[in-house]
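All ligand and atom numbering here is 1-based and tracks the order in the structure. The basis for the numbers below is simple: all heavy atoms, side chains too, and nothing from hydrogens, waters or symmetry mates.
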Amino acid sequence: MDVKDEVDGPLSRSSDVATPKDRRVGLIYDERMCQHYAPDYEDHPECPDRVRVIWDRLNSSGLAKRLGYRARIITAISENVADSTRNGIKRCIILNAKDADDNHLALVHTKNHIDLIKSTSSERSESRRKRTAAKFNSIYFNEGSSEAAYLAAGSVIEVAEKVAEGKLDSGFAIVRPPGHHAEEAEPMGFCLYNNVAIATSFLLNERRELGINKILIVDWDVHHGNGTQKMFYKDPRVLFFSVHRHDFGTFYPAGDDGSYIMTGEGPGAGYNINVPWENSRCGDADYLAVWDHILIPVAQQFNPDMIIISAGFDAAIGDPLGGCRVSPYGYSIMLDKLMEFAGGKIVMALEGGYNLKSLANSAQACIEVLLQDKPVIGTLEAYPFESTWRVIQEVRQQLSAYWPILAVKLSDKVIDRRITQIQFSSSDSDDEHEHTPSIALDGFKTVDDVIQPFANLKVNEDGQDQEATTLPSWRSELSKINIWYATFGSNMSISRFLCYIEGGQTEGMQKPCVGSVDKTKPKEIIWKTFPHRLFFARERTSTWGPGGVAFVHPKSNDQEKTYMCLYKITLEQFNDVLLQENVSSYNLSHPLFDLTALQSIQTEKCISVEPVQRGWYHNVVYLGKEEDIPILTMTCTASDVDSFISGKFPINPPCKEYANTLIKGLVGGKQLSEEEASAYIHEASTKPL
Ligand code: X5A
Ligand code: ZN
């Protein structure tokens with residue numbers, strides 16, 4: 001415990017999400033999709049390298065590596081899941097690309113459209129093809145276009161079908177040409193077939209027996225998904241959500257289709273949600289504000305059976321067309337927040353994204369989330385633009401008739417956290433992300449203020465936004481109860497522990513903590529020893545680097561003695577600490593450890609906290625009482641200990657810096673001399689478990 005980042009995977013929020021080691025994430029890539037390119041070697045942003053860099057990155061990082069002759073092709077899906085990990089690195093399952101059937105394309109496209117795409121491959125001359133392409137908006141064709149388009153559509157179907165069947169947990173189709181601009185009877189905006197719409201229609205109409213009846217399409221490409229919107233505009237089975245630059249109707253594809261007033265029609269009324277940015281430069285804070293205040297509350301109510309993401313990465317930092325600033329971390333949180341829905345059944349299909357580096361980085365970040373191989377940890381160091389709050393409020397109001405949760409007025413406390421945009425020296429061009437603008441911070445003067453991230457912007461138990469004065473009611477209830485939080489790791493240093501309460505970071509920490517909602521310092525600090533075994537395990541931590549972190553055996557043992565520093569804090573604060581110890585990017589709308597838990601742990605001795613089960617310290621252990629106040633600690637489970645003993649999970653000594661932090665804590669707490677403390681840590685890291 002005591003180290004913020006020691007988690008072996010991000011949070012699993014529902015019991016039907018697979019455990020970390022058996023997450024099956026499908027990947028499709030096919031070199032034939034690179035045979036579609038702009039004729040005459042014209043420099044075109046929608047180029048074959050877009051998918052190559054993603055594929056190369058996933059291979060070089062080991063995420064997609066085929067395992068020699070045991071390469072996992074489609075037929076191997078049902079193989080022992082142990083095959084999807086190797087050397088502790090989780091791998092994706094690689095599927096073969098597939099051609100789409102004409103009758104599947106015909107679910108959303110006219111016969112004419114299909115014939116048109118087909119005909120381009122047999123077109124007699126290059127110039128004929130060019131003439132055909134010129135009839136459309138931002139379209140090129142070459143001899144490889146048709147085949148690539150069939151593979152792109154067919155591959156998204158393939159991944160979606162496998163996920164729907166439960167053969168995969170999730171997947172990513174690394175496809176091109178992209179799809180979301182393609183309309184029923186018209187290719188457009190580099191898109192030939194609407195891959196995502198085709199796969200969606202396929203599941204809803206052709207594979208009803210799979211039980212996918214409601215699909216949420218999240219289109220986070222920087223451009224509006226006009227084609228997809230039209231195809232499901234009257235269909236309540238599909239909730240289409242698109243966040244995009246609109247620039248008041250001037251950004252591609254220009255017009256009113258991407259406006260927030262487009263909310264769906266007939267039975268589909270309310271099932272179309274557009275979040276139109278007014279300008280460039282939107283980044284993580286803007287996207288996450290939209291997630292927290294629009295998408296997530298609506299998704300909770302819609303309760304999709306599957307999520308398909310039109311995953312363009314052209315809102316990424318450095319994209320030459322998008323001019324936005326989403327970081328790979330931003331994408332990972334956006335995706336992670338969606339993992340709690342549909343039992344994690346998420347299908348990602350590549351759309352745009354034109355900076356090759358950003359593409360590779362963003363795609364890798366997403367795959368890591370799908371694999372739940374790494375925790376999604378970090379903090380946002382920025383606020384949304386003022387215009388973002390305005391847009392969010394407009395969208396919420398527009399849709400509040402359909403989604404009652406959106407009718408709640410956003411509190412001033414929430415929307416006060418904003419950045420007022422100031423004039424830029426350059427024009428509002430697409431590439432201005434290259435300039436570093438100076439930004440006026442409204443009401444925030446110090447760096448500390450800016451670093452305080454989203455912790456206070458969360459939604460409460462009903463998914464409603466917190467009013468300035470009303471925090472979720474569990475908070476006030478649990479704020480009246482004191483507990484002792486017993487620490488045996490780096491939290492023995494008060495400055496380290498205070499980061500969990502007050503936020504911020506101290507020496508050695510690579511990232512700041514968000515802190516607790518109630519930032520009151522511990523009321524008392526005492527030291528005690530407990531008959532439990534201290535040991536060090538796991539491989540590395542993002543806070544301290546390679547080396548194990550401290551655990552105590554959850555079962556007591558009279559032969560052992562662990563020094564612990566006890567902090568008297570409220571049960572509310574304990575919840576915030578428990579969260580930070582295990583995961584990040586999670587709305588504490590419900591307490592993780594409530595009064596009932598506090599009651600039952602006194603007889604049960606330990607409680608494994610379900611929603612943070614992927615965290616390394618999700619097991620709360622009861623250590624007795626002091627002044628009649630319960631003493632709680634956090635560690636691994638007894639079954640984790642078995643895995644450490646069997647070698648399934650590694651035992652490791654702490655790295656030097658981490659060990660020194662522990663020694664400093666023990667010495668600073670006047671428990672041991674420096675020599676004694678280092679002998680104590682040494683013994684704990686070398687004595688067999
Ligand atoms: C899929 C996609 C962008 C088209 C821009 C045309 N298309 N100027 O990102
Ligand atoms: Zn795009």
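Using bins of under 30°, 30° to 60° and over 60° for the plane-to-plane angle, the ring pair W277/Y287 lands in the perpendicular bin. Using cut-offs of 30° and 60° for the angle between ring planes, the H109 and H113 rings count as parallel.
The side chain of D221, and not its backbone, has at least one atom closer than 4.0 Å to an atom of ligand 1 (non-hydrogen atoms only; side chain from C-beta on). The proximity of E46 to ligand 1, defined as any non-hydrogen pair under 4.0 Å, does not occur for either the backbone or the side chain.
Every atom of ligand 1 is numbered from 1 in the order shown, and the set under 4.0 Å from a heavy atom of P178 is 1 (C). In summary, the atoms of ligand 1 found under 4.0 Å from a heavy atom of H180, numbered by their order in the structure, are 1 (C). Residue-ligand proximity, D314 to ligand 1, at heavy-atom distances under 4.0 Å covers atoms 9 (O). Shown in contact with H223 at under 4.0 Å from a heavy atom are these atoms of ligand 1, numbered in order with element: 2 (C), 3 (C), 9 (O).
Minimum-distance N/O/S atom of D221 relative to the Zn ion (ligand 2): OD1. Within H223, the N/O/S atom positioned nearest the Zn ion (ligand 2) carries the name ND1. Nearest N/O/S atom of D314 relative to the Zn ion (ligand 2): this is OD2.
With a cut-off of 2.8 Å, the Zn ion (ligand 2) has no N, O or S atom of E351 in range. With a cut-off of 2.8 Å, the Zn ion (ligand 2) has no N, O or S atom of H181 in range.
Among protein heavy atoms, the minimum distance from atom 7 (N) of ligand 1 is reached at G189 O, 3.0 Å. In this structure, atom 6 (C) of ligand 1 lies nearest to the protein heavy atom S138 OG, 3.5 Å.
Under 3.5 Å, the side chains of E368 and Q364 contain a donor-acceptor pair of N or O atoms. Side-chain contact of D221 with H223: a donor-acceptor pair under 3.5 Å is present, judged by distance alone. A donor-acceptor pair shorter than 3.5 Å cannot be found between the side chains of N274 and S259.
Look at E46 and R176 and you find a salt bridge, because one of the NZ, NE, NH1 or NH2 atoms lies within 4.0 Å of a carboxylate O, short of that distance. Remark: R129 engages E143 in a salt bridge, criterion side-chain N to carboxylate O under 4.0 Å.
With a 6.0 Å radius and a threshold of 12 heavy atoms from other residues, nucleotides or ligands, K234 has its NZ atom at or below the threshold. The neighbour count for D256 CG, taken as heavy atoms of other residues, nucleotides or ligands under 6.0 Å away, does not exceed 12. Around CD of Q397, the count of heavy atoms belonging to other residues, nucleotides or ligands within 6.0 Å does not exceed 12.
For ligand 1, none of its N or O atoms has an N or O atom of E351 under 3.5 Å away.
The heavy atom nearest to atom 2 (C) of ligand 1, out of those in Y354, F251, Y252, F190, is found in Y354.
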